[in-house]
Every structure is written in structure tokens, then in C-alpha cells.
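In what follows, every chain begins at residue 1, and chains take the letters A, B, ... in the order their sequences are listed.
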Amino acid sequence: MIELLNVKKIYGDRTVLDIPKLSFFEGEAVALAGMNGSGKTTLLRIMANVLKPDSGSVTAPDNILYLPQKPYAFRGSVIENILIGAKAQKEKAQELLFKAGLSALSDKPAKSLSGGEWQKAALCRILIRPCKLLLLDEPTAALDAKGTELVSGILKEYKENTGCTLIFSTHSPSLALSAADRLILLRDGKTEADGKIRKDVDKPETEWENLFL
Amino acid sequence: MESFKQAFDLLFSLDKELLQILGVTMRMSFFSTSISCLIGLPIGALIGTRRFRGKSFLKKIIHTWMGLPPVVAGLMVYSLFTHYGPFGKLNLLFTVTVMVIAQCVLITPLVIGLTSSFVESTSRPIIETARGLGLRSPRIVRLCLSEGRMSLLSVVLNAFGRSIAEVGAVSIVGGNIQWKTRVMTTAIMLETNKGKFSFALALGIVLLIIAFIVNAAASWIVKEKSDD
Ligand SMILES: Nc1ncnc2c1ncn2[C@@H]1O[C@H](COP(=O)(O)OP(=O)(O)OP(=O)(O)O)[C@@H](O)[C@H]1O
Ligand SMILES: [Mg+2]
């Protein structure tokens with residue numbers, strides 16, 4: 001279980017994140033939504049322990065993976081990037097690349113990929129490692145509808161295999177709908193809404209889009 | 001044109017004094033650059049990656065120090081090593097060693113300043129990504145070094161360029177002694193003062209050629225490695 005208590009982040013005289021209490025349960029899949037600048041990245045960074053909050057406490061498991069909003073492409077090929085510091089074998093990397101539709105790019109320099117191609121490759125680089133808590137910052141921001149669907153499938157499969165908790169931010173209602181079972185809406189650094197996504201009710205897409213706006 | 005011809009004649013005649021002056025110049029620049037980088041690169045990296053109180057004040061001090069006029073640095077070092085100064089007993093005044101010390105005073109802040117601003121701008125996303133992948137610190141440091149080697153090389157070359165071109169500090173503490181502490185820049189000064197402009201210019205051209213060769217060699221070495 002992950003728990004945040006009285007977490008605040010202040011830049012200058014602006015409080016960009018103010019969370020009195022927020023808990024996540026093991027195995028949950030949570031989507032973070034909210035406008036640009038609402039604090040999604042800040043919240044994920046704090047949970048990933050790459051940013052210190054100005055006050056409050058965060059309880060989180062040790063084994064965390066975190067994909068930044070703009071993941072860095074290291075020197076070298078795509079497959080070298082994926083295997084960097086990973087215990088996995090080359091075959092596993094190739095299998096992942098195949099699932100992401102990137103087989104043809106595995107030996108290309110990572111820095112030469114298009115925005116969308118690199119976003120999928122960076123996700124492969126994360127998903128080749130096991131973890132307890134997976135934090136993804138807008139993992140499909142650069143992807144088309146098909147790519148988003150593909151990623152949603154890959155995420156669900158990873159979650160089933162590892163039993164990890166998944167928290168991701170997104171502006172895409174369809175990703176939230178298909179990959180998450182809980183939605184948290186941030187506004188000005190505060191949680192404005194927090195609830196289960198009920199897939200059985202089958203709300204019309206437009207209603208989801210209203211929630212996101 | 002006359003000077004160009006003279007420069008090449010000088011270089012290829014392998015004039016004994018010129019070679020000796022070149023030797024002192026290279027020795028001095030090599031040691032000042034190495035020592036400033038050994039001190040400045042890690043400190044710059046530390047300042048660039050850490051957040052602490054007084055950081056912006058420290059940066060202002062470093063930037064001011066970066067603009068320190070070479071003659072002032074020369075005078076400071078001179079007063080430390082002069083016969084009655086605190087280090088007078090070491091008898092280092094008018095040696096290559098004290099020239100290296102004076103140059104380190106000048107160049108180390110340059111290395112610290114350039115490294116810290118490079119690390120700050122480039123290493124942040126690398127560190128965030130690498131930590132997100134669960135990598136450990138030694139590997140993250142290696143990644144930052146390898147990703148930033150072009151920028152780090154330019155820091156080193158900047159330091160070398162400043163050191164080889166510097167005249168104010170080395171003439172004060174070195175004294176421009178023939179066969180001992182005379183370097184290219186102080187020789188150029190001397191010839192200019194003697195009115196031998198074209199010879200001075202020829203020396204200047206030799207200096208330029210040397211600087212170009214060092215730059216080309218260094219970037220070639222780094223390029224080689226990065227194309228693996
Ligand atoms: N280093 C920083 N210095 C100052 N302000 C910052 C810094 N980082 C973030 N902020 C501010 O904090 C607020 C929240 O930023 P954050 O990146 O968390 O937003 P976000 O919800 O991820 O937005 P987006 O959808 O655009 O990615 C923004 O207004 C941003 O300008
Ligand atoms: Mg963001």
C-alpha cells in the first residue's frame with residue numbers, strides 16, 4: 001500500500017501540490033487526470049522519490065519504476081537502451097519490442113526515433129524490469145489511437161504478470177477507461193474527484209471527456 | 001604573408017629556442033589544465049546536481065572569480081610566493097611550478113562554473129530517467145559522463161585554451177626568463193616590445209596551429225569512442 005499524508009510542494013509562493021491524504025491499494029490501477037499544470041507530474045515525481053515534498057510523508061514500496069513525461073534516450077541503439085542495467089535477456093527485449101510494433105527499429109540509434117516510437121520504446125525499457133509500483137507520466141501522450149490501445153494492452157499484461165500497483169497520468173479518456181479501475185482528478189494541486197471507474201455502467205465517451213476537461 | 005612564411009620556416013627549422021619555449025608552454029598548459037579539471041570537474045558536478053542553501057550566492061562568487069583579471073591573479077600568487085610571503089621559503093617564484101599554480105587560480109573557477117551549468121541543464125533529465133529505471137548511483141554517474149562527454153570535452157578545451165593563451169599572470173610570477181619560464185605568449189609580448197612585429201606574429205601563428213592540433217586531436221578521440 002502507498003500512502004501520502006499532508007504532502008505539499010511549493011515553488012516560490014505557489015503551492016502546486018497539496019494532498020492531505022491519499023492512499024493506493026496493492027494491485028490497483030489508477031489514472032491521474034487534470035489540466036496542464038494541475039500537479040500530475042509533481043505528484044508522480046514525489047511518489048517516485050525523485051522530488052522531495054516540502055512537507056508531509058510518503059510511504060511507498062522499495063521496488064518502484066517511474067517513467068518521466070519526457071524519458072531520456074541514452075546514446076546507443078534502442079535495444080541497448082532497453083537492456084541498460086536490466087537483468088533481462090536480449091530475447092525478452094526483442095519480444096517486448098515486437099509487441100510494441102518496434103521490431104524493425106531495435107538496432108537504430110535511440111535518439112533518432114520519432115516522438116511516438118520513442119515513447120513506446122521507453123515504455124519497453126521500463127517494462128522489461130519487474131516492480132511493485134509502476135508510475136507512468138502520460139505514457140501515451142505522443143501516440144495515436146491505435147498506439148494507445150496497444151499500450152493499454154501491454155500495460156494490462158504486465159500488471160497481470162507482476163501483480164504490481166499501477167498509477168499513470170493521462171489526458172486520454174480512452175486510456176483511463178481501458179487501463180484503470182480508479183480515477184483521480186487533480187485541480188490546482190488538489191484532488192478534486194476520486195472514484196472507481198465503473199466499466200459495467202458503460203458511460204458514453206463524452207461524459208468521460210467532460211470529466212477530463 | 002611574410003609572417004606566415006616566417007611561422008612555417010620557424011616551425012620546420014626546428015629552432016632550438018622555439019622548441020624549448022613550446023615545451024615549457026605545453027608543460028605548463030598541460031599541468032594547469034589537468035589540475036584545474038581534477039579539482040573543478042567533481043566540484044562543478046556536485047554543485048550542479050545538489051540543491052543546498054546559499055547555492056545562488058556561491059554561484060555568484062564563482063562567476064565573479066571567473067572574471068578575475070589574470071594580472072590580479074598573478075599578483076595574488078606573486079605576493080604569496082615572494083621572498084617574504086607565506087610560501088617564500090619554497091623558492092618557487094619564477095619557476096614553471098608557480099606559473100601552473102597561478103593558472104590554476106584562474107582556470108579552476110572557469111571549470112567549476114562551466115561544469116556546474118552543463119550538469120544542471122543536461123544531467124537533470126538523465127538522472128530522473130535513470131533513477132526511474134531503478135539504476136544505482138555509480139551507474140548513473142557513468143551515464144551522465146558518457147552522455148555529456150562532448151560538453152565536458154569542451155570544458156577541458158576551454159580550460160586549455162585559456163591556459164595556453166594567458167599572458168598576464170604567467171609573466172608576473174614566471175618572469176619571462178629565457179630558457180626557463182618563457183612561454184609562447186610572453187615571447188610574443190617581448191618580440192612585440194622589441195618592435196619585431198612580424199616575428200611576433202609568426203610566433204602567434206605557431207601558437208594558433210598548436211591550439212588547433214590539440215583541439216582537433218581531442219575531439220577526434222572523443223568522436224572515435226562515441227561511434228562504437
Ligand atoms: N521546477 C519548478 N519550478 C517552478 N514551478 C514548477 C516547477 N515544476 C513544476 N512547476 C509548476 O508546478 C505546476 C504543476 O506542474 P506539473 O508538471 O505537476 O503539472 P502537470 O499536471 O504534470 O501538467 P501537464 O499536463 O502539462 O504535464 C505547474 O504550474 C508548473 O509550472
Ligand atoms: Mg506533467
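- Formation of a donor-acceptor pair under 3.5 Å by the Arg136(B) side chain with backbone atoms of Gly85(A) is not found in this model.
- Atom CG of Asn161(A) sits in a crowded spot, with more than 12 heavy atoms from other residues, nucleotides or ligands closer than 6.0 Å.
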For residues 66-81 of chain B, tabulate all N or O donor-acceptor pairs below 3.5 Å that involve a side-chain atom, not counting sequence neighbours.
unit_1   : atom_1 : unit_2   : atom_2 : d
Ser79(B) : OG     : Leu75(B) : O      : 3.3
Ser79(B) : OG     : Met76(B) : O      : 2.8

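- Between chain B and the residues Ile64(A), Asn63(A), Leu65(A), the most heavy-atom pairs under 4.5 angstrom are made by Leu65(A).
- Annotation: Phe57(B), atom CZ; neighbour count of heavy atoms from other residues, nucleotides and ligands within 6.0 Å does not exceed 12.
- Distance CG/Leu133(B) to CD1/Ile84(A): 8.0 Å, rounded to 0.5 Å.
- Considering only heavy atoms from C-beta on, Lys52(A) stays 4.5 Å or farther from Arg51(B) through its side chain.
- When heavy atoms are compared at a cutoff of 4.5 Å, Ala122(A) does not approach chain B at all.
- In this structure, the portion of Arg45(A) lying under 4.5 Å from any heavy atom of chain B is its side chain and not its backbone.
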(message) Run the salt bridge (charged side-chain N to carboxylate O under 4.0 Å, His left out) test on Glu147(B) and Lys111(A) for me, step by step, so that the C-alpha distance in whole Å, both residues' side-chain angles and the decisive distance to 0.1 Å come before the verdict.
(response) CA-CA 12 Å; Glu147(B) 291 297 318; Lys111(A) 289 189 206 273; 3.0 Å; yes
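- In Gln89(A), the CD atom is not crowded: 12 or fewer heavy atoms of neighbouring residues, nucleotides or ligands sit closer than 6.0 Å.
- Looking at Leu135(B), the atoms closer than 4.5 Å to chain A (heavy atoms on both sides) all sit in the side chain, from C-beta outward.
- The stretch residues 14-28 of chain A places none of its residues near chain B, where near means some heavy atom under 4.5 Å from a heavy atom of that chain.
- Sparse packing is recorded around CG of Asp188(A), with 12 or fewer heavy atoms of other residues, nucleotides or ligands lying under 6.0 Å away.
- For the pair Arg75(A)/Ser146(B), a side-chain contact is recorded, criterion being any heavy-atom separation below 4.5 Å from C-beta on.
- In this structure, Thr129(B) and Leu67(A) have side chains that are not in contact, with every pair of non-hydrogen atoms separated by 4.5 Å or more.
- By the salt bridge (charged side-chain N to carboxylate O under 4.0 Å, His left out) test, Asp9(B) is found to be paired with Lys5(B), residues two or more places apart in sequence or in another chain being considered.
- Atom CD of Glu120(B) has more than 12 heavy atoms from other residues, nucleotides or ligands within 6.0 Å.
- For residues 127-145 of chain A, heavy-atom neighbours of chain B at less than 4.5 Å comprise Arg129(A), sorted by residue number.
- Looking only at side-chain heavy atoms (C-beta outward), Tyr66(A) and Glu128(B) come within less than 4.5 Å of each other.
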(message) Apply side chain to side chain contact (heavy atoms under 4.5 Å, CB included) to residues Ile126(B) and Phe74(A) and explain how you reach the verdict.
(response) CA-CA 8 Å; Ile126(B) 299 177; Phe74(A) 297 115; 3.6 Å; yes
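- Atom NZ of Lys159(A) is surrounded by more than 12 heavy atoms from other residues, nucleotides or ligands within 6.0 Å.
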